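Here is the structure we will look at.
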Amino acid sequence: MTSSTVAAVTAAVGAVMDPELRRPLAELDMLRTISVDGGIARVEIALTIVGCPASDRIRADVEHAASSVAGVSDTEVSLTVMTPDERHALTDRLRGGRVARTMPFDADSLTRVVAVTSGKGGVGKSTLTANLAVALAQRGLSVGLIDADVHGFSIPALLGLVDEHGRAPSPTRIDDVMLPPVAHGVKVISIGMFLRREGDDGVLPAVAWRGPMLHRTVSQFLTDVHFGDLDVLLLDMPPGTGDVAISVGQLLPHAEVLVVTTPQTSASDVAVRSGLVARQTGQRVIGVVENMAAMTLPDGSVMEVFGSGGGAAVAAALSVDQTADVPLLASVPLSPALRATSDAGSPVVLAVPDEPAARAIAALADELAGTRRSLAGRSLPLRTR
Ligand SMILES: Nc1ncnc2c1ncn2[C@@H]1O[C@H](COP(=O)(O)OP(=O)(O)OP(=O)(O)O)[C@@H](O)[C@H]1O
């Protein structure tokens with residue numbers, strides 16, 4: 001067979017994307033010997049680790065790519081594993097020259113970091129964060145989501161990342177690099193991916209950690225998880241102003257903050273406090289989202305289960321003594337569809353995009369995607385001659 005057929009197979013196979021690393025196999029140095037003999041392509045691929053969970057998918061994609069080359073009638077794929085040195089070179093390349101265990105999301109990073117916080121629990125912060133992440137990914141942005149609500153994690157289930165037993169997938173590890181599972185185009189990491197039940201029907205162990213462990217967990221999510229080049233990193237914060245809020249404030253002082261509240265004043269008072277604490281660490285409150293707002297019933301009447309005005313009140317309180325007002329960015333109505341799709345792990349912005357709650361979240365995503373973060377405090381890539 002001509003060398004041009006081998007070259008064509010090499011190009012086709014090299015362009016296959018690694019489903020976890022989301023880069024072409026050639027770029028990841030995973031191609032080994034490739035030959036074509038009597039119309040049969042023989043392709044050897046070096047996987048990153050033994051038992052790589054993506055191996056079946058890689059094999060199938062490589063087979064398909066090689067078989068689509070003119071002159072190839074059949075493909076035989078053999079899978080080997082990288083040597084420790086090869087793997088080391090790969091993880092170095094993934095870090096893009098960054099020293100191991102350093103945080104890529106510093107003040108000079110091009111990734112916009114947005115922490116979604118609330119004063120009270122149960123106001124719908126995680127539900128909104130999950131849907132906002134998916135809506136931003138739908139808009140073509142590269143999106144990461146850290147479930148920083150370590151004690152009350154819920155993001156894997158909200159994004160449909162759990163199996164019928166409620167198990168979330170474990171992130172693949174390549175040496176000290178963790179690859180985040182991807183749901184609906186969003187790269188996700190959560191403590192729920194590291195906990196294991198005893199048996200299929202067992203209960204997940206509770207996370208009962210104090211501050212230092214919580215700090216270490218959030219810090220590891222930020223340093224050891226390979227998110228790649230992100231446009232936006234969202235953090236689903238635990239409610240209130242506790243240990244994780246303080247840790248995130250220390251680790252990401254340049255982060256922007258979205259404050260979620262309900263229209264109820266008891267929720268809005270405490271939401272103001274969470275915004276003020278974030279601001280004390282240097283973070284900037286970019287807006288308020290009111291959730292569980294008035295819903296319109298089929299007969300046209302409007303039901304305000306949680307009253308009204310909480311979102312505007314929080315925005316007004318957080319605007320006091322500021323050079324620019326903190327806006328009320330969205331008001332998401334109470335929505336049985338949002339509740340049901342969340343329980344089903346199928347984000348409402350995808351499942352029922354015409355639902356008023358989905359439209360409100362989509363508008364919020366448009367607003368965020370269309371605005372840029374403040375350059376204040378960032379060193380700009382300018383040089384004097
Ligand atoms: N707009 C809405 N309409 C109807 N139900 C909603 C809405 N927003 C959230 N919910 C439901 O409210 C409940 C609480 O939501 P969620 O878990 O997102 O709150 P949370 O603020 O993240 O809570 P916590 O921080 O305590 O984990 C969930 O059952 C969710 O499905």
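Read the numbers this way: they start at 1 and go in the same order the structure lists the ligands and their atoms. Given the structure is predicted, the values throughout are model-derived calculations rather than measurements.
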Heavy-atom nearest neighbour in the protein, as seen from [atom], with distance rounded to 0.1 Å:
atom                    : answer
atom 19 (O) of ligand 1 : G124 N, 3.0 Å
atom 25 (O) of ligand 1 : K125 NZ, 3.1 Å
atom 6 (C) of ligand 1  : M292 CE, 3.9 Å

Ligand 1 contact on [X] by region, counting heavy-atom pairs under 4.0 Å:
X    : answer
L128 : neither
D149 : side chain
L338 : side chain

Which atoms from ligand 1 have a heavy atom of [X] less than 4.0 Å away?
X    : answer
N291 : 1 (N), 2 (C), 7 (C), 8 (N), 9 (C)
S126 : 18 (O), 20 (P), 22 (O)
L334 : 1 (N), 3 (N), 4 (C)
R339 : 5 (N), 31 (O)

Ion pair [X]/[Y], N-O distance below 4.0 Å:
X    : Y    : answer
D231 : R112 : no
R57  : D61  : yes
R23  : D18  : no

query = Regarding T341 and S346, is there a side-chain donor-to-acceptor distance under 3.5 Å anywhere?
reply = no

Do any N or O atoms from the side chain of [X] and from the backbone of [Y] form a donor-acceptor pair under 3.5 angstrom?
X    : Y    : value
K125 : T117 : no
R93  : E27  : yes
R279 : L318 : yes
N291 : L128 : no
H254 : D108 : no

Contact summary for I34 and V6, nearest pair of heavy atoms =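 So the minimum-distance heavy-atom pair works out to O-CG1, 3.7 Å.
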
Mind checking whether [X] has an N or O less than 3.5 Å away from an N or O of ligand 1?
X    : value
D343 : no
P239 : no
P333 : yes
T127 : yes
S118 : no
V332 : no

ask   = With respect to M295, which candidate in S335, S301, P336 satisfies the side-chain contact (heavy atoms from CB on, under 4.5 Å) definition?
value = P336

inquiry  = Check contact between G122 and ligand 1, using heavy atoms of the residue and a distance below 4.0 angstrom.
reply    =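 The answer is yes, since G122 has a heavy atom less than 4.0 Å from ligand 1.
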
key: S335 heavy atom under 4.0 Å from ligand 1   = yes

remark   = Output for pair (M237 CE, D149 CG), nearest 0.5 Å, gives 9.0 Å

request  = State whether any protein heavy atom lies less than 4.0 Å from atom 9 (C) of ligand 1.
outcome  =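 Given the 4.0 Å limit, the answer for atom 9 (C) of ligand 1 is yes, a protein heavy atom qualifies.
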
